[in-house]
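As structure tokens, the structure follows; a few thoughts come after it.
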Amino acid sequence: MHWYVDVLKRYATFSGRARRPEFWMFTLINFVIGILLSIIDSALGTSPVLGLLYSLAVLLPGLAVAARRLHDTDRSGWWLLLSLIPFVGTIVLLVFLASDSKPHDNAYGPYVPAPATA
């Protein structure tokens, strides 16, 4: 859960780098919360209201962490605009977001290796 909270704390920080776990755990938790809100919305009969409010609330943090994730792969955050191209753009963007970090310092910040796990 700390991945999600860390992204929300840096909700409008488009500079720097974000490693894969930070981006994908935020995305996973965001997805689960969206499903739970959809269930609550249908139970209350307010179908798109809670989900829409939540989506608006996490739009900026989601864009910021995606831009930082692209920075970690040594790409500009402007590559997010690829998602505007139907099908192909989204697939290419997903490949970029799933790519491994570039193991060197770049224009977006220093390389921070993943913590060692035992």
Side-chain angles (χ1 to χ4, degrees):
M1 191 69 166
H2 74 88
W3 297 110
Y4 184 78
V5 175
D6 288 346
V7 169
L8 292 181
K9 286 180 184 175
R10 298 174 55 188
Y11 77 96
T13 304
F14 285 83
S15 60
R17 296 169 74 158
R19 296 191 51 82
R20 273 192 291 196
E22 180 180 357
F23 175 77
W24 288 110
M25 290 305 292
F26 174 78
T27 303
L28 175 66
I29 293 169
N30 203 18
F31 181 73
V32 170
I33 290 172
I35 289 174
L36 292 175
L37 286 175
S38 294
I39 293 169
I40 292 170
D41 260 342
S42 18
L44 295 176
T46 60
S47 194
V49 175
L50 292 177
L52 182 63
L53 289 174
Y54 176 73
S55 294
L56 286 173
V58 295
L59 177 66
L60 193 57
L63 289 173
V65 74
R68 291 194 311 269
R69 177 71 201 120
L70 287 169
H71 291 168
D72 197 43
T73 62
D74 209 8
R75 292 179 178 88
S76 170
W78 288 105
W79 281 99
L80 285 172
L81 294 176
L82 274 178
S83 63
L84 298 175
I85 301 171
F87 305 114
V88 176
T90 303
I91 292 169
V92 171
L93 185 60
L94 279 173
V95 169
F96 286 170
L97 292 171
S99 298
D100 198 9
S101 304
K102 298 296 179 187
H104 55 77
D105 294 352
N106 61 26
Y108 306 106
Y111 173 70
V112 179
T117 57

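When reading the values below, keep in mind they use all heavy atoms of this one structure, side chains included, and skip hydrogens, waters and symmetry mates. Counting begins at 1 with the first residue of the sequence.
The nearest pair of heavy atoms linking S101 to R69 is OG-NH1, 3.8 Å. Of all non-hydrogen atoms in A64 and T13, the two that sit nearest each other are CB-O, 3.6 Å. Closest heavy-atom contact between R10 and E22: NH1-OE2, 4.2 Å. Counting all heavy atoms, side chain and backbone alike, R20 lies closest to D100 at NH2-OD1, 3.2 Å.
At distances below 3.5 Å, at least one donor-acceptor pair connects side-chain atoms of N106 with backbone N or O atoms of G109. One N or O on the side chain of S42 and one on the backbone of S38 form a donor-acceptor pair closer than 3.5 Å.
Between atom CG of residue D41 and atom CG of residue L50 there is a gap of 4.0 Å, rounded to the nearest 0.5 Å. Between atom CG of residue N30 and atom CG of residue L59 there is a gap of 10.0 Å, rounded to the nearest 0.5 Å. Here Y111 contributes atom OH and R19 contributes atom CZ; the two are 5.0 Å apart, rounded to the nearest 0.5 Å. Between Y4 atom OH and L8 atom CG the span is 4.5 Å, to the nearest 0.5 Å. Taken to the nearest 0.5 Å, the CD1 atom of I33 stands 7.0 Å off from the CD1 atom of I29. Atom NZ of residue K102 and atom OG1 of residue T73 lie 7.0 Å apart, to the nearest 0.5 angstrom.
L84 and F96 are not part of a single hydrophobic cluster, where members link through side-chain heavy atoms under 4.5 Å apart. Taking hydrophobic clusters as Ile, Leu, Val, Met, Phe, Trp and Tyr residues chained together by side-chain heavy-atom distances below 4.5 Å, F23 shares a cluster with V92. L52 and I40 are not part of a single hydrophobic cluster, where members link through side-chain heavy atoms under 4.5 Å apart. Residues V49 and Y54 are members of separate hydrophobic clusters, defined by side-chain heavy-atom contacts under 4.5 angstrom among Ile, Leu, Val, Met, Phe, Trp and Tyr. Following chains of ILVMFWY side-chain contacts shorter than 4.5 Å, one can reach V88 starting from L97, so the two form part of one hydrophobic cluster.
Within a 6.0 Å sphere centred on CZ of F14, heavy atoms belonging to other residues, nucleotides or ligands number more than 12. More than 12 heavy atoms of other residues, nucleotides or ligands lie within 6.0 Å of CH2 in W24, so this atom counts as buried by the packing criterion.
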_Before you tell me yes or no, could you show the steps for L93 and L70 under side-chain contact (heavy atoms from CB on, under 4.5 Å), namely the whole-Å CA-CA distance, both residues' side-chain angles and the distance that decides it to 0.1 Å?_
CA-CA 9 Å; L93 185 60; L70 287 169; 4.2 Å; yes
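Ring pair Y108/H71 is parallel by interplanar angle, where below 30° counts as parallel and above 60° as perpendicular.
A 4.5 Å side-chain heavy-atom check between R68 and V65 finds at least one atom pair inside the cut-off. Side-chain contact between V7 and M25: absent, with no pair of heavy atoms (C-beta onward) separated by less than 4.5 Å.
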